[in-house]
Number of protein chains: 2
Amino acid sequence: MGASDTRRQIVEAADRLFYERGFEATSFADIAEAVGLSRGNFYYHFKAKDEILAAVIERRAAKTHAMLREWEGASESARERIRAFVHILIANKTMIMAHGCPVGTLCSELARLEHVAKNDASGILSLFRDWLARQFAALGRQAEADALALHILMRSQGVAALAAAFRDEEFIRREVEAMEAWLENQCAAASSLKSRPRL
Amino acid sequence: MGASDTRRQIVEAADRLFYERGFEATSFADIAEAVGLSRGNFYYHFKAKDEILAAVIERRAAKTHAMLREWEGASESARERIRAFVHILIANKTMIMAHGCPVGTLCSELARLEHVAKNDASGILSLFRDWLARQFAALGRQAEADALALHILMRSQGVAALAAAFRDEEFIRREVEAMEAWLENQCAAASSLKSRPRL
DNA sequence: GTCTATATGGGGATAGAC
DNA sequence: GTCTATCCCCATATAGAC
């Protein structure tokens, strides 16, 4: 097997395990076992655990970037694009109820460890934030675009957190519906100049 | 120093460290050092790390219970009580930006570790949930009380998560204001029979 | 109740054979 | 590139003196 292929397999396995169990709780042995590799051979591909983490974060950032670009192409309107974001909660509901939001939980864990990579992790959150802000700006809400982006991002993080704590699928559906209703309100406000709705 | 006094000091130090660094990342040595105790003596008071965790969760649940009861006494209206809940975000903003929500981060960490105490941790979240639901019921919203409680709890969790990720104090203030506006809407809806606002 | 000394195990990391 | 063997450190946990 080629080295780059093995490396890719390691990063994929680490990505999954870091999500399911967390970064700290995942050992080299866990990843090695998942890939079918000996522990010793590991260090041919990665000199330290932090290097695997960096590769995982980079992979997640790239996948996020690709997903956001795909939504750009698939949807005509900014409204539909924001709806696509909100609907990740439904599409990934099983995983979210089991392990939370992959981005949010990693940010939270790295922040607590004061890990050097914590800013890289919250950078993924910023990818969503900036993309959402561009969508709200496209809706004609330039002035409040970032605040609206943070608001919807906050709600998706809150829903993921409680869905994981209570394992409640009905709660996810209800809150996604509420987020859609909120979005419709914001879109309506963009058309009429008076009475901009609050967050 | 009496044994019960030492025990209390251990639990207090562990509570703080579990919050600041997380449960897994905190070692016996860390707690022992904080209390000024030798590692060995530790096992006189707690046979295992899980026992300290149980004591910390119990302490947090008791403090939560006391806080909720205090709000009951201090506020005349259910609306004021719910506002008191929302305002924890402001009162604790420095801690929250540094380490997140004490309840949310513990729930998240224990859920990932598949720790036996994970349900005890989410039990603290349930204390808030049930208390909030009672307040919404007192507002005359019996049918939706639990959904409204989960909604406001979700928002506080989301705000704490993003505030920690972005270290953004202005964001907290803005979202607390939005939560208060949402609450006023819900109160207004309780008085008028028509047009109940969505979440 | 508190200490020091120590056992035990796991996890990160290295050396060197193949 | 992959392996086995090994080192070292740290953390949980125990034993036994004081």
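Predicted model, so just to flag it, every value in this text is computed and none were measured. Just so it is clear: chains get the letters A, B, ... in the order the sequence lines come, proteins before strands, and each one is counted from 1.
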Chemist: Mind checking what makes side-chain contact (heavy atoms from CB on, under 4.5 Å) contact with R134(A), not counting sequence neighbours?
Modeler: D130(A), W131(A)
Chemist: In chain order, what residues pass the salt bridge (Lys or Arg N to Asp or Glu O under 4.0 Å) check against R79(B), with sequence neighbours excluded?
Modeler: E184(B)
Chemist: When the distance from CD of E33(B) to P of dC10(D) is rounded to whole Å, what number comes out?
Modeler: 13 Å
Chemist: Could you verify whether a donor N or O on one side chain and an acceptor N or O on the other, from E109(A) and H115(A), lie under 3.5 Å apart?
Modeler: no
Chemist: Tell me the interatomic distance from L17(A), atom CG, to dG11(C), atom P, rounded to whole angstroms.
Modeler: 13 Å
Chemist: Between side-chain atoms of residues 158-170 of chain B and protein atoms elsewhere (two or more places apart, or another chain), which donor-acceptor pairs fall under 3.5 Å?
Modeler:
unit_1	atom_1	unit_2	atom_2	d
R167(B)	NE	M97(B)	O	2.9
R167(B)	NE	A164(B)	O	3.3
D168(B)	OD1	E170(B)	N	3.1
D168(B)	OD1	F171(B)	N	2.9
E169(B)	OE2	R173(B)	NH1	3.2
E170(B)	OE1	R173(B)	NH2	3.4

Chemist: Could you check how far CZ of F46(B) sits from P of dG1(C), rounded to whole Å?
Modeler: 14 Å
Chemist: Rounded to the nearest Å, what distance is computed from the CZ atom of residue F23(B) to the C1' atom of nucleotide dT12(D)?
Modeler: 11 Å
Chemist: Atom CD of E24(B) and atom P of dT12(D): how far apart are they, to the nearest Å?
Modeler: 10 Å
Chemist: Please report the distance, rounded to the nearest Å, between CG in L37(B) and P in dT4(C).
Modeler: 10 Å
Chemist: Using OP1 and OP2 only, check whether a side-chain N or O of S27(A) sits under 4.0 Å from dG10(C).
Modeler: no
Chemist: For residues 35-49 of chain A, which side-chain N or O atoms pair as donor and acceptor with protein atoms under 3.5 Å away, sequence neighbours left out?
Modeler:
unit_1	atom_1	unit_2	atom_2	d
S38(A)	OG	N41(A)	N	3.3
K49(A)	NZ	F23(A)	O	3.1
K49(A)	NZ	T26(A)	O	2.8

Chemist: Only pairs under 3.5 Å count here: list side-chain donor-acceptor contacts from residues 146-153 of chain A, not counting sequence neighbours, and write none if there are none.
Modeler:
unit_1	atom_1	unit_2	atom_2	d
D146(A)	OD1	R129(A)	NE	2.9
D146(A)	OD2	R129(A)	NH2	2.9
H151(A)	ND1	E175(B)	OE1	3.0
H151(A)	ND1	E175(B)	OE2	3.1
H151(A)	NE2	R155(A)	NH1	3.2
H151(A)	NE2	L199(A)	O	3.3

Chemist: Let me test you: for the helix from dG1(C)-dC18(D) to dC18(C)-dG1(D), what is the angle between the axes at its two ends (five pairs each), rounded to 10 degrees?
Modeler: 10°
Chemist: Run the salt bridge (Lys or Arg N to Asp or Glu O under 4.0 Å) test against R8(A) and tell me which residues pass, sequence neighbours left out.
Modeler: D5(A), E12(A)
Chemist: Could you list the cluster mates of M95(A)? Members are the ILVMFWY residues connected by side-chain heavy atoms closer than 4.5 Å, either directly or through other members.
Modeler: Y19(A)
Chemist: Does T26(A) reach a base, just sugar-phosphate, or nothing at all? Heavy atoms under 4.0 Å.
Modeler: sugar-phosphate
Chemist: Roughly how many Å is it from CD in E51(A) to P in dG12(C), rounded to a whole number?
Modeler: 14 Å
Chemist: Using a 4.0 Å cut-off on protein heavy atoms (strictly under), produce a 5'-to-3' string for nucleotides 13-18 of chain D with B for base contact, S for backbone-only sugar-phosphate contact, and - for none.
Modeler: BB----
